[in-house]
2 protein chains.
Amino acid sequence: MARPPSRSSTAGELPSRARAGRVILTLEDVAHAAGVHYSTVSRALDPAKAARVNASTRAHVESVARRLGYQRDMVASGLRRGRTQTIAVIVADLGNPFMAPVLRSMANRLEESGLMSLISETQDDSARLHRILNHVISRRVDAIITTAARLGDGSTLLEISRQGIPLVLAVRNVPSTRLPACTDDDVAGGRLAAQHLLSLGHQRVAQLRGPADVSSFVDRAWGFSEAITAGSAREFEVGAGSPTLEEGIRLMNRLLDTARPLPSAIFAHNDLMALGALAVMRERGISCPEQISVIGYNDSPQVDRVQPALTTVRQPAEEIGRMAAEMTVALLESPRHPPPSRSLRPTLVVRESTAVPLH
Amino acid sequence: MARPPSRSSTAGELPSRARAGRVILTLEDVAHAAGVHYSTVSRALDPAKAARVNASTRAHVESVARRLGYQRDMVASGLRRGRTQTIAVIVADLGNPFMAPVLRSMANRLEESGLMSLISETQDDSARLHRILNHVISRRVDAIITTAARLGDGSTLLEISRQGIPLVLAVRNVPSTRLPACTDDDVAGGRLAAQHLLSLGHQRVAQLRGPADVSSFVDRAWGFSEAITAGSAREFEVGAGSPTLEEGIRLMNRLLDTARPLPSAIFAHNDLMALGALAVMRERGISCPEQISVIGYNDSPQVDRVQPALTTVRQPAEEIGRMAAEMTVALLESPRHPPPSRSLRPTLVVRESTAVPLH
DNA sequence: GAAAGTATGGCAAACGTTTGATGTCCGAGC
DNA sequence: GCTCGGACATCAAACGTTTGCCATACTTTC
């Protein structure tokens with residue numbers, strides 16, 4: 001299997017090139033060692049092009065490459081191909097335990113297609129979202145998945161999509177954009193929560209609402225209110241806030257300070273807010289579920305560990321993540337035919353924080 | 001401010017080029033619109049090189065670039081410069097709530113230096129770690145920060161470092177490598193936990209240990225055992241497991257099944273394991289802290305919300321993240337002088353899950 | 001007013017890959 | 001014996017930046 005030595009155009013004596021202090025092997029080095037032209041190496045190492053090179057040459061090149069420890073430079077490859085094999089994943093809050101399973105299943109699915117995820121966090125700040133979008137676009141990511149979209153971000157997102165960058169929404173939708181989205185059916189989720197409370201006999205309820213410019217919370221509020229009205233119970237208004245523990249505390253305090261008579265049940269728009277409400281109640285000596293029932297949303301990891309264990313609406317987190325990744329892959333394969341949006345069914349998880357009202 | 005039109009070498013009629021279905025503006029396009037050479041545009045837009053171009057030209061170019069919406073292609077820039085402005089951040093478990101503040105402060109600090117973080121998760125699996133390392137290296141990240149290092153990964157990490165890729169350890173150290181690391185002082189942390197239990201009067205204790213090949217857990221175990229022995233209390237052995245809720249449950253069950261008499265206090269190597277222990281105790285009708293005290297580690301978000309609120313050792317999460325980022329930046333600036341490792345002081349946070357033993 | 005700087009902008013060669021176009025070699029078919 | 005076609009390998013031109021080196025033109029200095 002002796003091969004004629006190649007005379008590569010500018011090859012020096014050194015087997016490789018040092019750059020920015022680090023040793024970098026190039027196709028040229030492998031080609032030199034294997035005695036073939038570097039374009040042959042490129043083809044031999046690319047599964048899609050492997051047919052264009054003789055099987056024995058290919059085996060030889062592969063073994064040489066492995067021996068030398070060659071690794072293709074994805075930056076150069078990205079420049080040439082116009083594809084970086086990277087998907088930007090933009091989330092609102094990394095501290096929200098609900099995101100972990102979403103991100104994990106998403107990353108796993110993307111990895112199956114040879115894609116890597118570039119995760120960043122907006123901290124639910126639109127300015128930050130803008131910065132991040134510019135950043136990842138200038139990094140030429142192949143697509144963007146965001147779980148941080150607010151309704152007000154519609155025009156920004158549409159413009160990006162119009163630039164030809166595949167964009168998929170997950171968890172939070174922005175219906176006006178008609179972008180492919182994979183979410184939980186939040187209207188149904190709100191309704192589930194309401195029906196559970198109604199069936200227990202609650203007549204006075206309130207919501208701790210998430211931001212009014214995020215689809216999930218709007219939908220939850222809508223589904224809930226609608227069902228509550230249909231059940232002819234009374235709903236107290238207490239306003240909206242960020243979906244964080246702190247805001248849950250603030251809203252719950254305000255509710256307890258202003259609503260008379262007190263509602264007998266609370267629907268918190270996510271588990272963090274529900275935990276905030278529970279903390280306030282404990283502090284004020286109000287018992288849950290005896291005096292006030294609390295129901296959360298997301299079934300985040302560990303909310304079954306708190307006292308009382310939280311009744312909550314479960315979103316299929318893994319499925320949302322996997323599905324969003326799936327849709328992204330589909331969009332990359334045929335950009336002309338965006339996959340249809342999916343909205344997955346939530347389920348009710350009854351634990352200890354909801355019960356029949358006292359009176 | 002009229003400028004002579006440039007005759008760019010190969011400029012077509014089109015103001016820009018479409019690629020992979022997306023419109024991409026290049027330096028050439030901006031140069032054409034501004035009537036200068038594209039190398040001038042490059043310099044005008046690079047703050048470091050801006051001195052080499054006339055102030056008015058620069059202003060003009062900048063305004064044209066802004067008007068056109070030009071964004072530098074970081075892929076091409078990365079190829080040419082050999083720097084991608086990207087730092088790989090490798091964590092073991094995204095679901096560990098402790099990581100969120102670490103990652104956030106790290107990302108914020110990196111952003112200050114114009115760097116972006118590429119986050120991935122090993123799920124505490126060494127094979128996966130290898131895959132991820134190869135991935136990010138072939139993406140030519142400028143440096144790697146990992147919080148997922150196991151003691152057995154030493155040689156892999158050293159080899160990467162020897163390839164000239166700046167590598168910083170955070171949270172978990174691998175002392176044999178002498179790589180720059182930013183961790184919590186886990187020996188001190190273990191000691192704090194032990195001394196707290198001793199001071200309450202506990203004489204029979206046990207640890208729910210994390211993996212024996214992770215520095216943090218080895219150190220915690222060591223600091224704890226040493227102090228316990230010095231206090232001449234008795235320690236039960238129950239083995240080690242992954243630092244997850246599930247393993248906490250498994251170990252706690254085993255402990256309760258085998259240890260006689262039962263220990264009066266448990267030191268769980270992280271909060272998730274502590275939560276697992278609490279769950280087992282609730283299930284078995286063992287009260288905390290009355291019958292058994294439990295102390296955790298990390299002071300993860302929300303462990304003050306569980307019942308009973310968890311006594312724990314607090315690691316300065318934000319500081320670890322920020323400091324690790326800081327060290328990385330320093331390492332990038334002067335690769336010859338790696339910054340010294342730092343180990344930050346943990347503090348004890350006493351809540352409700354520890355108390356004086358019954359007898 | 002010539003020589004010697006000093007700004008400023010243009011030129012062109014990289015960076016490492018991918019890939020269409022172009023060989024070259026060989027066997028088969030007439 | 002010549003052509004044709006197939007199988008491989010090589011050539012060379014991109015991809016969009018950055019940047020050392022020149023070529024101007026404009027200032028300054030004696």
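Given the structure is predicted, the values throughout are model-derived calculations rather than measurements. Order of the sequence lines sets the chain letters (A, B, ...), proteins ahead of strands, with each chain counted from 1.
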Between the protein and nucleotides 23-25 of chain C, list every N/O to N/O distance that falls short of 3.5 Å.
none

* Structure fact -> In whole angstroms, the gap separating C1' of C:dT8 from NE2 of B:H60 amounts to 16 Å
* To do: Report yes if a side-chain nitrogen or oxygen of B:S42 is closer than 4.0 Å to either non-bridging phosphate oxygen (OP1 or OP2) of D:dT18; otherwise report no.
  => yes
* Integer-rounded Å distance: C:dC15 C1' and A:E28 CD -> 13 Å
* Asked: How long is the line joining CZ of B:R83 and C1' of C:dG16, in whole Å?
  -> 19 Å
* Side-chain (B:R140) to main-chain (B:L79) donor-acceptor, under 3.5 angstrom -> no
* Are any of B:K49's side-chain N or O atoms less than 4.0 Å away from OP1 or OP2 of D:dT18? -> no
* Between B:E121 (side chain) and A:R104 (backbone), is there a donor-acceptor pair under 3.5 Å? -> no
* Asked: What heavy-atom pair brings B:L94 and A:I119 nearest, and what distance separates the two atoms?
  -> CD1-CD1, 4.3 Å
* Rounded to whole angstroms, how far apart are CD1 on A:I24 and P on C:dA14? -> 17 Å
* Asked: Starting at CG of B:L27 and ending at P of C:dG9, how long is that distance when rounded to a whole Å?
  -> 15 Å
* To do: Go through residues 132-141 of chain A and report each residue with a non-hydrogen atom lying under 4.0 Å from DNA chain C, sorted by number.
  => none
* Looking at residues 70-77 of chain B, who's got a heavy atom less than 4.0 Å off DNA chain D? -> B:Y70, B:R72, B:D73, B:A76, B:S77
* Asked: What nucleotide, of C:dG10, C:dT8, D:dA9, holds the atom closest to the side chain of B:V36?
  -> C:dG10
* Structure fact -> So, with a heavy-atom separation below 4.0 Å from DNA chain C, the residues of residues 110-117 of chain B are none
* Asked: Any idea which of D:dT10, C:dC11, C:dG16 is nearest the B:L79 side chain?
  -> C:dG16
* Look at the side-chain N and O atoms of B:T57 and state whether any lies under 4.0 Å from the OP1 or OP2 oxygen of C:dG9. => yes
* **Out of D:dA14, D:dT17, D:dC11, whichever nucleotide has its closest atom nearest the side chain of A:R80** => D:dA14
* Take B:V53 and A:R43, find for each the nucleotide of DNA chain C with the closest heavy atom, and name the residue whose nucleotide sits nearer the 5' end. => B:V53
* What are the two closest non-hydrogen atoms of B:V75 and A:G78, and how far apart are they? -> CG1-C, 4.0 Å
* To the nearest Å, give me how far apart NE2 (B:H37) and P (D:dA23) are. => 15 Å
* **Pairwise side-chain contact, A:T84 with B:M74, heavy-atom cut-off 4.5 Å (strictly under)** => no
* Just by distance, do the side chain of A:T122 and the backbone of A:L129 share a donor-acceptor pair under 3.5 Å? -> no
Report, one line per pair, each donor and acceptor closer than 3.5 Å where one atom sits in a side chain of residues 320-330 of chain A; sequence neighbours left out.
unit_1	atom_1	unit_2	atom_2	d
A:E326	OE2	A:R109	NE	3.0
A:E326	OE2	A:R109	NH2	3.0
A:T328	OG1	A:A324	O	2.8

* side-chain hydrogen bond (donor to acceptor under 3.5 Å, both in side chains) partners for B:S77, two or more places apart -> none
* Structure fact -> Across all chains, not counting sequence neighbours, the salt bridge (charged side-chain N to carboxylate O under 4.0 Å, His left out) partners of A:D46 are A:R81
* Whole-Å gap separating C1' (D:dC11) and OH (A:Y38) -> 8 Å
* For atom NE2 of B:H32 and atom C1' of C:dG10, their distance in whole Å -> 16 Å
* Which pair of non-hydrogen atoms, one from B:Y70 and one from B:L27, has the smallest distance, and what is that distance? -> OH-CD2, 3.4 Å
* Go through the structure and list residues passing side-chain hydrogen bond (donor to acceptor under 3.5 Å, both in side chains) with B:S39, not counting sequence neighbours. => B:H37
Show me, pair by pair, the donor-acceptor contacts under 3.5 angstrom made by side chains of residues 143-155 of chain A, not counting sequence neighbours?
unit_1	atom_1	unit_2	atom_2	d
A:T146	OG1	A:I90	O	3.3
A:T146	OG1	A:A148	N	2.9
A:R150	NE	A:D124	OD1	3.1
A:R150	NH1	A:D213	OD1	2.8
A:R150	NH1	A:D213	OD2	2.7
A:D153	OD1	A:S126	OG	3.1
A:D153	OD2	A:R150	N	2.9

* To do: Please give the angle, rounded to 10 degrees, between the axes at the start and the end of the helix from C:dG1-D:dC30 to C:dC30-D:dG1, where five pairs define each axis.
  => 60°
* Is a side-chain N or O of A:T26 found less than 3.5 angstrom from the main chain of A:E28, in a donor-acceptor match? -> yes
* To do: Would you check if the side chain of B:D142 reaches a backbone N or O of B:I87 as a donor-acceptor pair within less than 3.5 Å?
  => no
* Set of residues satisfying side chain to side chain contact (heavy atoms under 4.5 Å, CB included) with respect to A:R58, sequence neighbours excluded -> A:A44, A:A50, A:V53, A:E62
* To do: May I ask you to decide if B:L167's main-chain N or O and B:S161's side chain share a donor-acceptor pair within less than 3.5 Å?
  => no
* Please name all residues satisfying side-chain hydrogen bond (donor to acceptor under 3.5 Å, both in side chains) with A:E111, sequence neighbours left out, ordered by chain then number. => B:R128, B:R131
* Closest listed nucleotide, where the reference is the side chain of A:T40 and the choices are D:dC15, D:dT10, C:dC11 -> D:dT10
